[in-house]
S.K.: 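Dropping the structure in here first, questions after.
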Amino acid sequence: MSASSGSLPRYIVQRLLLVIPMMWILMTMVFLLMRVAPGDPISAALGGKLSPQALAAAKHRAGLDKPLIVQYWDYLSSVLHLNFGTTFTDNQPVIDVVRDNGGATVSLTLAAFIVALLLGIPLGLLAGRLRDTFPDVVIRIFGIVTYATPIFFSGLLLQIFVAPHLGLPTGGEASPETLFIVPERTHILLIDAFLSGDPASIGDVLKHIALPALTLGVGICGVFIRLVRVNILQTVQSDYVEAAQARGIARGKVMRNHALRNALVPVITVIGLQVALLLSGAVLTETTFNWPGLGQKLVQYILGRDYGAVQGIITIFALVVIVVSVLIDIVNALIDPRVRF
Amino acid sequence: MTPAIEGSPFDRSTPVIDVTDLRVWYGTTRGAIQAVDGVSLRLSPGETLGLVGESGCGKSTLGRGLMGLLPAGAKRDGQVLFRGRDILRMSEREAYGLRGTSVGMIFQEPLTRLNPLMRISEHFQETIAQHEPDLSKSEIRERALEALRLMGIPPTRYRSYPHEFSGGMRQRLMIALALVLRPAFIVADEPTTALDVLVEAQIIGILNDLRRNFDTALLLITHNLGIVAEACDRVAVMYAGQIVEQGSVTSVFGKPQHPYTRELLRSTISLSTTGLNYIPGSPPDLIDPPPGCRFHPRCPDAMRVCAGHDPVQTVRQGGGSVECWLSGPDELIPPGGTERLEREEIGVADEA
């Protein structure tokens, strides 16, 4: 007993310490990728618009005339001070861009996860319990097809065929009135709407998020369908389930406490992995639904060749993925005692 | 300790479990596999019956068939009386209800039989609360700790997780879990196969105490004849889904009457024997078993009658029963049937 409870804090500390090398490697890769591109960011972004002198001054301001190793050091130390740089094109601190647009991405990601889990877990269980029957085959095909369909295509289909019938908006995070009424508190409109307590605003925000969340959620629910299906098939046939049946534990309880519970543990791990995928999926979904999130902003900066902004935003994306994966590891350790060793 | 045993009308002479002509078969694409083919056995309170035989002879299927733990698609037929009531004729719900309180099972692989996400305490709580819902938490805990104490597991480990125990301890945990509600009949399916020799001796000692202390009837499935000699009162030798010889351990092992029993005993490796003996060939395909005696293609003493006529169960000398033409009944053997079966006629290549 002491062995397991004593090792949990140690495990958490270990995982947290691992963040440092992970972060360093990721930042180095981001830095190198930005420098591999031919030319320099400033001339790419502003070349032709400014005089050579102004261009050189701009490069100097951005520190791009320094030796590579110095730039690398500057980048690392500024990130350490939570300074993610400024954008070249509109000269804003990256952290402000993230604060203003990140909320929309967070709410979209969370809503998509809810859709994916609400669809994926029950469908996966159903498919597993009805293995190799017609419903199982249909569910499996649904999972593969939705996973393989590009987000912008399925989003378009929903916009054309579903939105008019249900009266759902096809773009934006909320109608202008709502944006005007709801006071900004958390930078996450969904939460702000609930905090305002105005039912019309809440309804409006939920209506707006429905289609993007459905598009993104359905797009990744196939992963959960497959995962849950395979896991439930395994746990139902596991030795401990049979042993529980041999002890006369009621069938429903065996399913819940042994088969289902154990089958859902890997889902948590996959949620962590999906966060990264969802962030990239969000880029496409946000573009399709004109969602004012970080993904759309990122596309805008990429098209404007604003490497400063891209570097900053990707660094923050990487940070989010790392933090989520550490959180998932800790949650896993809390649920499954074997992980702690 | 439980009301089921205290004041029960069942004395030692009434069998706890009485199996008559049990058949278990699986449907496959090639045909039905007769895994258990007409087995009869009975066990009295406190008695241990060893069930031995080669791998694939139907030992485990028999044990699982008694527990009702057969894979989907398996079918049972015959009569299994548990204290006079036929388990096979009960509703599924009723038969399921017997598990844990009346019949229990100990498995071969203790490492995978406990849910890795559940503490030992949760396993006990779940099991006890299922069958005795009126018990309070502290009463459940008391019961569980008592069962653990009997297995030599300290109460400080009550809230540990399965992975924190060694293989031998986990098997003791499984036994404690199976015993906590004092079932009258336990099937132990190769409980020591996955364990090392020292732990094996310990587990066998525990099983021996068990029947002495609680009058538990134990069906001990094993391929280790030494364990049978050590722990069992009677032994049943199984071959190709049938029990070929059954009797007291001293009699069957001392004077085996079925050639299969004899060869099985000869194949046992011990320090005093030299060289390795084995029975040539392998157990028959249970979809299409050989006609007559199922052992005749591998039997060194096979006679002509063995190849064509099913052997009849006869009372063996020294008690018990045997199914072999060598033991009679002679009046049923057709003329010339006792002539030696020529090797060419056997038609089974020595694969070993």
Side-chain angles (χ1 to χ4, degrees), chain A residues 1-8 10-11 128-133 136 228 231-269 329-341, chain B residues 63-64 67-72 92-93 95-131 133 154-164 173-174 177-181 183 186-187 189:
Chain A
M1 186 183 169
S2 57
S4 72
S5 50
S7 66
L8 185 60
R10 203 186 66 201
Y11 176 80
R129 298 304 288 147
L130 302 174
R131 184 189 188 170
D132 293 336
T133 60
D136 176 29
V228 171
N231 280 325
I232 199 80
L233 283 177
Q234 262 175 13
T235 55
V236 161
Q237 289 172 3
S238 69
D239 286 349
Y240 50 83
V241 162
E242 193 188 44
Q245 286 170 348
R247 292 197 298 272
I249 313 292
R251 286 185 199 279
K253 268 194 202 156
V254 175
M255 276 306 293
R256 264 197 317 278
N257 297 345
H258 295 271
L260 189 58
R261 185 170 151 192
N262 289 44
L264 290 184
V265 172
V267 172
I268 294 163
T269 310
D329 279 348
I330 292 172
V331 170
N332 251 337
L334 286 173
I335 296 175
D336 189 344
R338 292 169 299 175
V339 173
R340 297 171 205 167
F341 289 89
Chain B
R64 284 161 175 280
M67 287 294 298
L69 286 173
L70 291 168
E92 202 189 335
R93 199 188 176 84
Y96 200 98
L98 286 180
R99 295 186 194 164
T101 45
S102 302
V103 297
M105 183 146 186
I106 300 165
F107 295 93
Q108 185 174 344
E109 326 79 358
L111 296 181
T112 52
R113 292 289 175 181
L114 294 159
N115 186 336
L117 302 189
M118 282 168 64
R119 294 176 192 274
I120 298 310
S121 53
E122 293 172 81
H123 282 89
F124 276 101
Q125 278 155 12
E126 179 189 56
T127 307
I128 300 171
Q130 175 71 42
H131 299 288
T156 48
R157 307 294 302 275
Y158 186 48
R159 287 188 43 81
S160 299
Y161 284 99
H163 72 272
E164 298 170 62
L173 284 170
M174 290 306 301
L177 264 177
L179 285 180
V180 70
L181 295 165
I186 286 189
V187 176
D189 188 1

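Small disclaimer: the values here were computed from a predicted structure and weren't measured. Lettering follows sequence order; numbering is per chain, from 1.
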S.K.: Where is the tightest heavy-atom contact between B:Met118 and A:Asn257, given as atom of each residue plus distance?
M.R.: SD-O, 4.2 Å
S.K.: Can you name the nearest heavy-atom pair linking B:Gln130 to A:Lys253, along with the distance?
M.R.: OE1-NZ, 3.5 Å
S.K.: What's the separation between atom CG in B:Leu117 and atom CD1 in A:Ile335, rounded to the nearest 0.5 Å?
M.R.: 8.5 Å
S.K.: Can you list the steps and then say if B:Arg64 with A:Glu242 is a side chain to side chain contact (heavy atoms under 4.5 Å, CB included)?
M.R.: CA-CA 11 Å; B:Arg64 284 161 175 280; A:Glu242 193 188 44; 2.4 Å; yes
S.K.: Are more than 12 heavy atoms from other residues, nucleotides or ligands located less than 6.0 Å from atom CZ of A:Arg261?
M.R.: yes
S.K.: Of all the heavy-atom pairs spanning B:Tyr161 and A:Pro337, show the shortest one and how long it is.
M.R.: CD2-CG, 3.2 Å
S.K.: Using side-chain heavy atoms (C-beta onward) and a distance below 4.5 Å, is B:Met105 in contact with A:Arg247?
M.R.: no
S.K.: For the residue pair B:Arg99 and A:Ala246, what are the closest heavy atoms and their distance?
M.R.: CB-O, 3.5 Å
S.K.: Show the nearest heavy-atom pair for residues B:Asn115 and A:His258, with the distance to one decimal.
M.R.: ND2-ND1, 3.1 Å
S.K.: Could you state the interatomic distance from OH (A:Tyr240) to NE2 (B:His123), rounded to the nearest 0.5 Å?
M.R.: 9.5 Å
S.K.: Does any heavy atom of chain A fall under 4.5 Å from the side chain of B:Phe107, the backbone, both, or neither of them?
M.R.: side chain
S.K.: Can you tell which part of B:Leu114 gets under 4.5 Å to a heavy atom of chain A, answering side chain, backbone, both or neither?
M.R.: backbone
S.K.: Measure A:Val265 against the heavy atoms of chain B and call it side chain, backbone, both or neither at under 4.5 Å.
M.R.: side chain
S.K.: Minimum heavy-atom separation for B:Arg113 to A:Asp239, with atom names?
M.R.: NH1-O, 3.0 Å
S.K.: So which part of B:Leu177 gets closer than 4.5 Å to some heavy atom of chain A, the side chain, the backbone, both or neither?
M.R.: both
S.K.: Side chain to side chain contact (heavy atoms under 4.5 Å, CB included), that's the test. Do B:Glu92 and A:Arg251 meet it? Break it down for me.
M.R.: CA-CA 12 Å; B:Glu92 202 189 335; A:Arg251 286 185 199 279; 2.8 Å; yes
S.K.: Identify which of B:Pro162, B:Pro116, B:Gly100 forms the greatest number of heavy-atom pairs closer than 4.5 Å to chain A.
M.R.: B:Pro116
